[in-house]
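Values below: every heavy atom of this structure, side chains too, minus hydrogens, waters and symmetry copies. All residue numbers in this chain count up from 1 along the given sequence. Each ligand, and each atom within it, is numbered from 1 in the order the structure gives.
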Amino acid sequence: APLLTATGVHKNYGNTPALRGVDFSISAGEIVAVTGPSGCGKSTLLHCLAGILPTDAGEVRYRDQDIGLWSEAARSRLRRADFGVLFQFGQLVPELTAAENVALPLLLAGSGRREAREAALGWLDKFGVADLADKRPAAMSGGQQQRCAVARALVTEPQVVFADEPTGALDQLNGEQVLGAMVQVVREQGTAVVLVTHEAAIAAYADREIVLRDGAIDPSGLGVAP
Ligand code: ADP
Ligand code: ADP
């Protein structure tokens with residue numbers, strides 16, 4: 001059975017429809033790229049799937065529970081426990097070091113300081129940035145910051161990671177290196193990833209691609225991945 005399923009999801013901003021009846025599902029461990037032109041609704045879909053934005057109609061089910069019916073507090077607990085999120089840039093807390101940033105989700109989940117720091121160092125190491133553990137984001141390159149952000153998204157070992165243009169602020173080589181490292185780790189962990197991107201080289205890492213156009217899935221399915 002799929003891990004996460006959306007059925008007939010509609011979302012409007014005021015009177016403007018952003019999603020017009022989207023069906024989507026992702027299985028455990030699967031990597032699905034969501035592509036399509038700017039403004040087609042990719043970010044909105046990701047936010048609805050992650051339970052960040054409530055939908056106007058349709059259903060979002062996670063492990064057979066209709067999370068659309070849950071309270072904001074319950075969805076927030078689910079996001080903390082089972083989901084990870086990754087954005088384009090500017091997501092690290094500037095006052096905290098790399099290790100503190102990566103440890104943060106564990107501290108929020110109730111881990112002790114020492115345990116959280118040790119886990120954070122391990123995750124920084126998986127992404128080749130262990131030597132930056134005590135640096136703040138301003139002292140790191142964009143690629144290094146994004147490696148830390150990926151480590152932070154994965155540190156709680158989520159079932160699903162929602163990644164919105166995670167390489168969008170990086171040049172192509174750096175972007176592919178960061179995503180390649182992330183894909184290797186999520187394959188080992190069996191983490192599912194919803195990967196919003198407009199770049200063919202990034203969509204190529206996914207198992208499957210869905211194409212949105214104007215708030216609906218393009219049935220031709222002609223995506224960007226080679
Ligand atoms: P994409 O991620 O594919 O670029 P978005 O989901 O960001 O698309 O946006 C889909 C549509 O909804 C666009 O027309 C966009 O302008 C509009 N939109 C997105 N967010 C908002 C918002 N907070 N308020 C009003 N309109 C929005
Ligand atoms: P992306 O395509 O990566 O979502 P955008 O630049 O479209 O990036 O959107 C950045 C932020 O602005 C998002 O939080 C989105 O919800 C919001 N936004 C996008 N379009 C609009 C809009 N027309 N009116 C208000 N907010 C918007």
Inset, instruction - Identify which of Val196, Leu212, Thr44 has a heavy atom lying nearest to atom 6 (O) of ligand 1. - result: Thr44

Legend entry - N or O pair under 3.5 Å between Cys40 and ligand 1: yes

Inset, instruction - Grab the two heavy atoms, one from Ala99 and one from Arg117, that are nearest each other, plus how far apart they are. - result: CB-NH1, 3.6 Å

Legend entry - Ligand-residue contact atoms, ligand 1 with Lys42, heavy atoms, under 4.0 Å: 1 (P), 2 (O), 3 (O), 4 (O), 6 (O), 8 (O)

Legend entry - Check: Arg20 side chain, Asp214 main-chain N or O, donor-acceptor pair, under 3.5 Å: yes

Legend entry - Subset of ligand 1 atoms that lie under 4.0 Å from at least one heavy atom of Gly41: 1 (P), 3 (O), 5 (P), 6 (O), 8 (O), 10 (C)

Inset, instruction - May I ask whether Gly36 places a heavy atom under 4.0 Å from ligand 1? - result: no

Inset, instruction - Decide whether Gln91 and Arg152 meet the rule of one side-chain donor and one side-chain acceptor closer than 3.5 Å. - result: no

Inset, instruction - Check for a donor-acceptor pair, side chain of Asn101 on one end and backbone N or O of Leu96 on the other, with a separation under 3.5 Å. - result: yes

Legend entry - Distance-minimising heavy-atom pair for Arg63 and Asp82: NE-OD2, 4.2 Å

Inset, instruction - Taking all non-hydrogen atoms of both residues into account, name the closest pair between Val102 and Cys148 and its distance. - result: CG2-O, 3.6 Å

Inset, instruction - Please identify which atoms of ligand 1 are closer than 4.0 Å to at least one heavy atom of Ser38. - result: 4 (O)

Inset, instruction - Compute the minimum heavy-atom distance from Gly215 to ligand 1 and say whether it is under 4.0 Å. - result: no

Legend entry - Proximal atoms of ligand 1 relative to Pro37 (non-hydrogen, under 4.0 Å): 3 (O)

